[in-house]
K.L.:
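This is the structure I want to talk about, given as structure tokens.
Fair warning: this is a prediction, and the values are worked out from it, not measured in the lab.
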Amino acid sequence: RSLSQHCEAGARLARRAGLAEPVAAALDHAYERWDGKGIPSGIGGEALPWPVRIVLAARDADIWRRQAGPEVMRHVLARRRGRAYDPAVTDILLDNADQWLAELDSADLWSQLLDAEPGPAITVAPAGLERVLEACADFADLKSRWFRGHSRDVSGLAAGTAIALGLPEDEVAAVRQAGLVHDVGIVGVPAAIWDLPRALGEAERARVRMHSLLTEQVLGSCKELADLADLAGSHHERLDGSGYHRRARAAQLSMGARILAAAEVYAGLRADRPHRPAFEADEAASELAAQADAGWLDRRAVQALLGTIGQVTQARPGPRAAGLTDREAEVLGLIARGLSNRQIADVLVISPKTAGHHVEHIYAKAGVRTRAGATLFAIEVGLAGAWRAS
């Protein structure tokens with residue numbers, strides 16, 4: 001089931017990012033096998049897209065080489081030839097393994113991959129950049145059920161605050177975009193840490209603090225996003241230097257960075273977390289003001305943010321996408337929170353069978369087949385936002 005969700009989420013991300021349909025189709029069958037015993041559709045043989053055949057064997061070859069060495073890798077490839085792997089692909093890998101493995105240890109594979117891309121190279125026009133960043137945001141928020149819709153919430157709050165403060169249009173756009181991708185680095189921290197129902201230990205806190213640096217590094221790997229990387233990576237900085245990962249102080253933090261920090265705190269407070277329930281709106285506002293009084297958050301940013309919450313809420317998409325009923329919208333929101341059919345039934349005081357029927361109808365209307373797909377759809381139509389305005 002988990003692998004099927006990986007496939008659907010990967011394919012959905014590719015399509016939303018504007019990649020070619022063969023790429024999305026290959027991702028949708030990423031765990032199929034040559035013998036037809038794979039996931040999610042059980043297709044095999046010549047029906048398997050070539051990229052899937054190649055990546056499947058190459059992926060396993062790399063895993064076995066790292067875990068057990070090249071000889072075991074060769075044994076596994078040979079044993080699975082004609083079963084998990086296309087015989088032709090397997091033979092090519094075995095014939096060239098020694099040469100390719102030697103190159104792996106010294107090659108700049110990322111640069112080589114980009115250089116080998118056939119022309120014309122696919123690029124994203126400025127007008128389409130936010131579509132791609134939004135897709136990345138939704139995908140990152142799948143990391144934990146506690147984060148569904150969080151990146152969009154931060155982005156909307158930050159943009160509304162920037163507008164209220166009279167920032168120029170280009171700075172508003174930068175804050176909105178940075179809000180979308182500020183948390184892509186959470187993917188590099190184990191989900192088990194994010195889901196702990198208690199206060200974190202020192203080692204766990206150190207892992208969590210790495211996520212803002214990872215965000216900066218991921219975005220910074222694309223030179224066109226360098227400025228955005230710096231801003232997005234600053235969302236946990238504080239005016240007094242107590243934040244992370246740079247320990248920047250007030251003089252080093254732009255108004256955009258200050259807005260992003262305030263938006264991230266408010267969105268987090270208004271969301272349930274494994275160790276506490278969501279703050280009510282007045283409680284979150286008081287906490288935000290207290291952090292400004294303590295010299296952690298920018299007072300102007302906090303005041304502007306609190307004055308724009310209602311406007312941001314009204315701008316969120318409605319629940320009627322794909323013809324969902326009110327009850328189905330409720331169920332979809334609960335799916336996005338990670339609840340099982342039985343848990344949904346308990347919350348809504350209905351039978352598990354009825355909850356299951358609602359889930360089936362939602363899948364059909366949304367055109368999805370897994371909970372990951374349904375969750376992404378919920379985020380897209382505004383049914384997975386973590387915070388609620390009063």
Side-chain angles (χ1 to χ4, degrees), residues 146-147 150-151 153-167 171-172 174-176 178-183 185-186 189 193-194 198-202 204-216 228-309 312 386-387 389-390:
W146 307 101
F147 298 153
H150 174 74
S151 295
D153 288 343
V154 172
S155 177
L157 287 166
T161 303
I163 292 170
L165 287 171
L167 268 61
E171 293 185 33
V172 173
V175 167
R176 181 172 58 248
L180 285 172
V181 290
H182 77 283
D183 258 355
I186 66 173
V189 179
I193 293 180
W194 295 121
R198 57 164 174 78
L200 300 181
E202 185 55 39
E204 293 155 348
R205 284 197 297 270
R207 291 294 298 274
V208 165
R209 291 190 188 109
M210 286 295 296
H211 83 273
S212 60
L213 173 60
L214 293 174
T215 289
E216 186 174 320
L228 197 63
D230 183 74
L231 178 57
S234 69
H235 66 279
H236 280 293
E237 302 293 350
R238 297 294 180 260
L239 300 183
D240 64 350
S242 63
Y244 58 88
H245 60 280
R246 304 188 201 98
R247 298 278 183 180
R249 301 184 72 87
Q252 301 166 282
L253 296 173
S254 67
M255 180 52 73
R258 299 175 187 214
I259 290 170
L260 195 60
E264 203 282 333
V265 170
Y266 186 85
L269 290 173
R270 294 290 282 130
D272 290 328
R273 289 293 181 256
H275 61 287
R276 60 150 178 85
F279 282 50
E280 295 298 328
D282 56 346
E283 295 174 326
S286 295
E287 177 60 25
L288 213 63
Q291 293 195 22
D293 290 341
W296 301 342
L297 298 176
D298 183 89
R299 189 177 303 278
R300 287 183 61 212
V302 167
Q303 291 173 343
L305 184 151
L306 294 176
T308 63
I309 291 171
V312 174
W387 59 274
S390 58

K.L.:
Restricting to non-hydrogen atoms, name the atom on Trp146 and the atom on Asp272 that form the minimum distance, rounded to 0.1 Å.
P.N.:
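Closest pair (atom of Trp146, atom of Asp272, distance): CE3-O, 3.4 Å.
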
K.L.:
With sequence neighbours excluded, what pairs up with Asp298 under the salt bridge (charged side-chain N to carboxylate O under 4.0 Å, His left out) test?
P.N.:
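Applying salt bridge (charged side-chain N to carboxylate O under 4.0 Å, His left out) to Asp298 gives Arg258.
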
K.L.:
Which residues pass the salt bridge (charged side-chain N to carboxylate O under 4.0 Å, His left out) test with Arg299, not counting sequence neighbours?
P.N.:
Asp293

K.L.:
Please step through salt bridge (Lys or Arg N to Asp or Glu O under 4.0 Å) for the pair Arg207 and Glu204, ending with a clear verdict.
P.N.:
CA-CA 5 Å; Arg207 291 294 298 274; Glu204 293 155 348; over 6 Å; no

K.L.:
Does Arg238 reach the side chain of Leu297, with side-chain heavy atoms less than 4.5 Å apart?
P.N.:
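Yes; the side chains approach each other to less than 4.5 Å.
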
K.L.:
So Glu287 and Val265, do their side chains get closer than 4.5 Å, heavy atoms only?
P.N.:
no

K.L.:
When rounded to the nearest 0.5 angstrom, what is the spacing between NE2 in His150 and CD1 in Ile186?
P.N.:
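Going from the NE2 atom of His150 to the CD1 atom of Ile186 covers 7.5 Å.
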
K.L.:
Please list, chain by chain and in numerical order, all residues satisfying salt bridge (charged side-chain N to carboxylate O under 4.0 Å, His left out) with Arg276, sequence neighbours excluded.
P.N.:
none

K.L.:
When you measure from the side chain of Glu237 to the backbone N and O of Ala248, does any donor-acceptor pair fall under 3.5 Å?
P.N.:
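Side chain of Glu237 to backbone of Ala248, a donor-acceptor pair under 3.5 Å: yes, one is there.
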
K.L.:
Say you draw a straight line from CD of Glu264 to CG of Leu269; how long is it, rounded to the nearest 0.5 Å?
P.N.:
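One gets 9.0 Å once the value is rounded to the nearest 0.5 Å.
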
K.L.:
Taking all heavy atoms of Ala262 and all of Val302, pick out the closest pair and write down the distance.
P.N.:
CB-CG2, 4.3 Å

K.L.:
Looking only at heavy atoms, what is the nearest atom pair of Val172 and Ala162, with distance?
P.N.:
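Taking Val172 first and Ala162 second, the nearest heavy atoms are CG2-CB, 3.9 Å.
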
K.L.:
Can you find a heavy atom in the side chain of Leu260 that is under 4.5 Å from one in the side chain of Val154?
P.N.:
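They are in contact (side-chain heavy atoms under 4.5 Å apart), so the answer is yes.
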
K.L.:
Going by ring-ring contact (aromatic ring centres under 6.0 Å, His included), name the residues that satisfy it together with His236, two or more places apart in sequence or in a different chain.
P.N.:
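By the ring-ring contact (aromatic ring centres under 6.0 Å, His included) rule, His236 matches His211, Tyr244.
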
K.L.:
Minimum heavy-atom separation for Gly185 to Thr215, with atom names?
P.N.:
N-OG1, 2.8 Å

K.L.:
Who are the side chain to side chain donor-acceptor pair (under 3.5 Å) partners of Trp296, not counting sequence neighbours?
P.N.:
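Partners of Trp296 under the side chain to side chain donor-acceptor pair (under 3.5 Å) test: Asp240.
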
K.L.:
To check you understand the geometry: which heavy-atom pair defines the closest contact between His245 and Arg209, and what is its length?
P.N.:
CB-O, 4.3 Å

K.L.:
For Phe147, is there any backbone N or O sitting under 3.5 Å from a side-chain donor or acceptor partner on Trp194?
P.N.:
no

K.L.:
Return the OG to CG distance between Ser254 and Leu167, rounded to the nearest 0.5 Å.
P.N.:
9.0 Å

K.L.:
Between Gln252 and Arg249, is there a donor-acceptor pair closer than 3.5 Å when you use the side chain of the first and the backbone of the second?
P.N.:
yes

K.L.:
Could you pull out all residues at least two apart from Glu216 that satisfy salt bridge (charged side-chain N to carboxylate O under 4.0 Å, His left out)?
P.N.:
Arg246

K.L.:
Given 3.5 Å as the limit, does a donor-acceptor pair link the side chain of Thr161 with the main chain of Ala304, or not?
P.N.:
no

K.L.:
Given Ile163 and Thr308, is the side chain to side chain contact (heavy atoms under 4.5 Å, CB included) satisfied, shown in steps?
P.N.:
CA-CA 9 Å; Ile163 292 170; Thr308 63; over 6 Å; no

K.L.:
For a quick test of reading the model, state the closest non-hydrogen atom pair linking Ala174 to Leu228 and the distance between them.
P.N.:
O-CD1, 3.5 Å

K.L.:
Could you check if a side-chain atom of Leu239 sits within less than 4.5 angstrom of a side-chain atom of Leu253, using non-hydrogen atoms only?
P.N.:
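A side-chain contact exists here, since the closest heavy-atom pair is under 4.5 Å.
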
K.L.:
Between the main-chain N or O of Ser151 and the side-chain N or O of Ser155, is there a donor-acceptor pair closer than 3.5 Å?
P.N.:
no

